[in-house]
Novice: 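Below you will find the structure I want to go over with you.
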Amino acid sequence: MVLSRLAGVLAPPLCVSCGALAPIGRPLCIRCADTLRWLGHERASPGGVVVWAPLLYEGAARDIVAAVKFRGAVRLLENMAAQIAASAPPELLRAAHLVPVPLHPARLRRRGFNQAERLAHELGVRTGMPVLDCLERGGPGSTQVGRGRASRARATGGTFALRLGAAPPRRALLVDDVVTTGATLAACADMLRRSGSERVEAVTYARTPGR
Ligand SMILES: [Zn+2]
């Protein structure tokens with residue numbers, strides 16, 4: 001705590017959206033935090049998977065997601081998980097395994113971490129829910145898949161499979177940083193259901209409006 005305060009004095013925390021001074025431990029300055037659009041308990045089902053997210057994917061929320069992915073600001077994931085845990089519908093974060101959406105191996109090598117896996121871990125710490133990293137992602141356009149699945153693979157940037165030796169959870173809560181079309185979540189949910197999961201829902205930090 002003392003060390004983090006000292007770090008705050010030496011390198012004052014800056015808002016990831018506008019660069020102004022931010023309160024210590026917060027990703028956004030007060031002005032940008034005020035622009036976040038909270039979604040309440042309302043769920044959406046883009047791509048057919050029921051998903052809940054605390055925030056609309058726009059403006060400052062979009063900047064937070066980008067800072068994690070493209071600037072390696074992994075500390076922000078703690079804040080994102082805390083916001084999910086604090087505002088989720090209570091029945092969502094119970095009796096399920098958190099299953100992170102896997103990153104394509106080439107992208108994982110470039111980025112060095114999977115933001116969905118880190119977010120699931122931070123959410124697990126806050127909720128006591130176990131994390132089961134049971135999915136893996138293959139390359140897009142695999143020749144082994146049928147036509148329908150091949151077009152879905154293009155839409156999601158890859159194909160998904162159960163990791164060797166992994167057992168799918170009975171109830172899964174997929175975790176990703178953001179959902180837009182829902183194609184990736186749908187492909188993961190499809191894989192889990194075909195492997196035996198009875199119930200698959202999803203949680204993300206932000207989502208696009210509607211759907
Ligand atoms: Zn700001």
Side-chain angles (χ1 to χ4, degrees), residues 1-47 51-90 92-93 98 100-101 103-104 107-108 110-127 129 131 157 173-185 202-211:
M1 197 63 193
V2 173
L3 271 179
S4 70
R5 279 208 196 113
L6 189 62
V9 173
L10 296 174
L14 300 180
C15 172
V16 301
S17 188
C18 75
L21 275 179
I24 289 174
R26 302 285 176 84
L28 299 172
C29 70
I30 290 164
R31 207 170 57 89
C32 289
D34 273 349
T35 66
L36 290 173
R37 285 174 63 190
W38 297 86
L39 293 167
H41 285 180
E42 170 201 339
R43 299 180 202 201
S45 46
V51 54
W52 177 83
L55 289 162
L56 204 59
Y57 185 51
E58 59 164 31
R62 189 184 277 263
D63 292 336
I64 287 175
V65 169
V68 171
K69 271 183 187 157
F70 306 117
R71 289 195 269 138
V74 290
R75 289 282 303 274
L76 296 179
L77 291 162
E78 296 172 22
N79 190 273
M80 292 159 72
Q83 290 188 326
I84 291 172
S87 42
L92 184 75
L93 301 179
L98 299 170
V101 169
L103 206 57
H104 191 279
R107 192 165 287 176
L108 183 61
R110 271 202 305 277
R111 193 171 294 164
F113 65 95
N114 173 5
Q115 73 281 359
E117 191 273 323
R118 297 275 189 103
L119 184 62
H121 171 78
E122 293 295 340
L123 196 55
V125 167
R126 283 159 182 81
T127 60
M129 296 171 78
V131 178
L173 188 61
L174 287 162
V175 179
D176 208 351
D177 54 350
V178 62
V179 58
T180 54
T181 65
T184 301
L185 287 178
V203 65
T204 63
Y205 172 69
R207 70 166 168 84
T208 44
R211 297 167 192 270

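Note that ligands are numbered from 1 as they come in the structure, with each ligand's atoms numbered from 1 the same way.
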Novice: Please list, in chain and residue-number order, the protein N/O/S atoms closer than 2.8 Å to the Zn ion (ligand 1).
Specialist: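 Correct list: C15 SG, C18 SG, C29 SG, C32 SG.
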Novice: Using distance only, find each side-chain donor-acceptor pair of residues 111-121 under 3.5 Å and give its atom names and separation, not counting sequence neighbours.
Specialist:
from, atom 1, to, atom 2, distance (Å)
R111, NH1, Q115, OE1, 2.7
N114, OD1, A116, N, 3.0
N114, ND2, V101, O, 3.1
Q115, NE2, D177, OD2, 3.4

Novice: State, with a plain yes or no, whether a side-chain heavy atom of L93 is found less than 4.5 Å away from one of M129.
Specialist: yes
Novice: With rounding to the nearest 0.5 Å, note down the distance linking CG in L28 to CG in D63.
Specialist: 8.0 Å
Novice: Just wondering, do V178 and K69 contact through their side chains at under 4.5 Å, heavy atoms?
Specialist: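 Of all side-chain heavy-atom pairs linking V178 with K69, at least one is under 4.5 Å.
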Novice: How about N79 and I64: do any of their side-chain heavy atoms sit closer than 4.5 Å?
Specialist: no
Novice: Does atom CG of L14 have more than 12 heavy-atom neighbours from other groups under 6.0 Å away?
Specialist: yes
